[in-house]
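Side-chain atoms are counted along with the backbone in the values below, which use heavy atoms only and exclude waters and symmetry mates.
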Amino acid sequence: MWVTKLEEKGKRQVRVFLDEEKFCLLYLNEVKELGLRENQELRPEDFTKLQNVLLYRAKHKALSLLKTQDRTRKELKDRLLRAEFPEQTAEEAVIYAEYYGYIDDEEYVRRYMEYRALSRSMLQIRQELLQKGIDSSILDRIWDQYEYDERAVLKEQLEKRIRQKGPVTEENFQKYYGFFARKGFSSHSILYFLKKYKQ
């Protein structure tokens with residue numbers, strides 16, 4: 001394995017290419033500590049040192065990201081990959097965070113549903129959680145344990161919308177309908193409440 005390129009990124013970091021492939025970002029002091037140079041053959045023991053430096057930093061980065069907000073497993077890994085940690089290093093840092101209970105997709109779903117179920121349809125909550133990388137089997141299992149009355153949520157949201165935007169009229173009926181349909185509420189329920197509240 002060869003260090004084929006060291007590319008400066010800003011004033012403090014260097015992008016490392018191994019065998020012509022982009023591998024990671026290192027700080028200048030790390031490059032010096034590891035003794036990396038362009039066109040240098042990387043011995044197995046030097047590669048292990050490089051991996052250890054990256055893993056140490058990836059774990060700290062993961063914990064730092066989790067201090068500011070809860071994240072799903074996928075969100076945390078995506079952020080580490082965006083910070084240009086290698087795939088394997090990012091995965092190991094995520095496993096570390098999971099092992100110590102810093103991330104838990106099931107608990108994330110429970111908290112998300114408690115917070116969002118007051119204002120969103122079942123469909124919208126599900127789509128948002130799937131986009132965050134939550135496995136559908138986790139969603140199905142937790143949803144079965146959760147009491148959720150979508151009609152009550154829709155009624156409350158419609159009343160709130162009427163207070164903010166004014167009463168449902170012939171002129172704005174379609175606008176109201178479209179707003180709640182985009183949020184994933186059932187067509188039947190939307191029409192029922194709009195007709196009920198229409199002036």
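Side-chain contact between D104 and E98 is absent, with no heavy-atom pair separated by less than 4.5 Å. Residues R57 and L54 form a side-chain contact, since some pair of their non-hydrogen atoms from C-beta on lies under 4.5 Å apart. The shortest side-chain heavy-atom distance between L6 and L26 does not fall under the 4.5 Å cut-off. Within the 4.5 Å cutoff, side-chain heavy atoms of L130 are placed close to those of S136. Contact check for E38 versus T4: no side-chain heavy atoms found under the 4.5 Å cut-off. Between F23 and P86, the closest side-chain pair of non-hydrogen atoms falls below 4.5 Å. At a threshold of 4.5 Å between non-hydrogen side-chain atoms, the residues L42 and L36 count as touching. By the 4.5 Å heavy-atom criterion applied to side chains, W2 and L18 are not counted as neighbours.
In terms of hydrophobic clustering, with Ile, Leu, Val, Met, Phe, Trp and Tyr side chains grouped at heavy-atom distances under 4.5 Å, Y115 and I142 are assigned to different clusters. Following chains of ILVMFWY side-chain contacts shorter than 4.5 Å, one can reach F180 starting from Y197, so the two form part of one hydrophobic cluster. L76 and L55 sit in two unconnected hydrophobic clusters of ILVMFWY residues. Membership requires side-chain heavy atoms under 4.5 Å apart, directly or through other members.
Ion pairing between E156 and K160 fails under the 4.0 Å rule for side-chain N and carboxylate O. Using a cut-off of 4.0 Å between Lys/Arg side-chain N and Asp/Glu carboxylate O, K77 and E91 are scored as salt-bridged. Contact check on D78 versus K74 returns a salt bridge, with a Lys/Arg side-chain nitrogen under 4.0 Å from an Asp/Glu carboxylate oxygen. E33 and K49 are not joined by a salt bridge, as no carboxylate oxygen comes within less than 4.0 angstrom of a charged side-chain nitrogen.
With rounding to the nearest 0.5 angstrom, the OH atom of Y100 is 10.5 Å from the CG atom of L63. To the nearest 0.5 Å, atoms CG (D105) and OH (Y112) are separated by 13.0 Å. Expressed to the nearest 0.5 Å, how far CZ of R71 lies from CD1 of I103 amounts to 11.0 Å. Separation of atoms CD1 (I138) and CG (D135) is listed at 5.5 Å; rounding is to 0.5 Å. Here the straight-line distance linking atom CZ of R43 with atom CD of E41 works out to 9.5 Å at 0.5 Å rounding.
Atom CZ of R110 has more than 12 heavy atoms from other residues, nucleotides or ligands within 6.0 Å.
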Practice prompt. Show the numbers, then the answer: is there a salt bridge (charged side-chain N to carboxylate O under 4.0 Å, His left out) between K155 and E159?
Written response: CA-CA 6 Å; K155 181 176 183 285; E159 289 171 355; 2.9 Å; yes

Worksheet item: Checking salt bridge (charged side-chain N to carboxylate O under 4.0 Å, His left out) for the pair E128/R120: CA distance, chi angles, key distance, verdict?
Response: CA-CA 10 Å; E128 288 170 356; R120 291 191 173 34; 2.9 Å; yes

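Across L66, L65, V94, a single residue satisfies side chain to side chain contact (heavy atoms under 4.5 Å, CB included) together with R79, and that is L65.
Listed for the S64 side chain is no donor-acceptor partner under 3.5 Å among the backbone atoms of H60. A donor-acceptor pair is defined here as one N or O able to donate and one able to accept, closer than 3.5 Å; no such pair exists between the side chain of Q13 and the backbone of E8. Judged by distance alone, with hydrogens and angles left aside, the side-chain atoms of Q40 form a donor-acceptor pair with the main-chain N or O of R37 at under 3.5 Å. D140 places no side-chain N or O within donor-acceptor distance of the main-chain N or O of S137, the cut-off being under 3.5 Å. A donor-acceptor contact shorter than 3.5 Å is absent between the side chain of N39 and the backbone of V3. With T72 contributing its side chain and G133 its backbone, the two residues share no donor-acceptor pair below 3.5 Å. D149 contributes a side-chain N or O that, together with a main-chain N or O of A152, makes up a donor-acceptor pair within less than 3.5 Å.
Looking at every heavy atom in both residues, M113 comes nearest to W143 through CE-CE3, 2.7 Å. Minimum heavy-atom separation, L81 to F85: CD2-O, 3.6 Å. The shortest non-hydrogen separation linking L80 to A93 is CD1-CB, 3.8 Å.
In the model, K132 has a side-chain atom that pairs as donor or acceptor with a side-chain atom of Y108 under 3.5 Å. Side-chain atoms of Q131 and Q127 form no donor-acceptor pair, as typed in the model, at a separation below 3.5 Å.
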Please table the atom pairs, donor to acceptor, closer than 3.5 Å between any side-chain atom in residues 184-194 and protein atoms at least two apart or in another chain.
residue: S186; atom: OG; partner: S189; partner atom: N; Å: 3.1
residue: S186; atom: OG; partner: S189; partner atom: OG; Å: 2.9
residue: S187; atom: OG; partner: Y177; partner atom: OH; Å: 2.7

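The salt bridge (Lys or Arg N to Asp or Glu O under 4.0 Å) analysis of residues 15-25, with sequence neighbours excluded, yields the pairs E7-R15, R15-E84.
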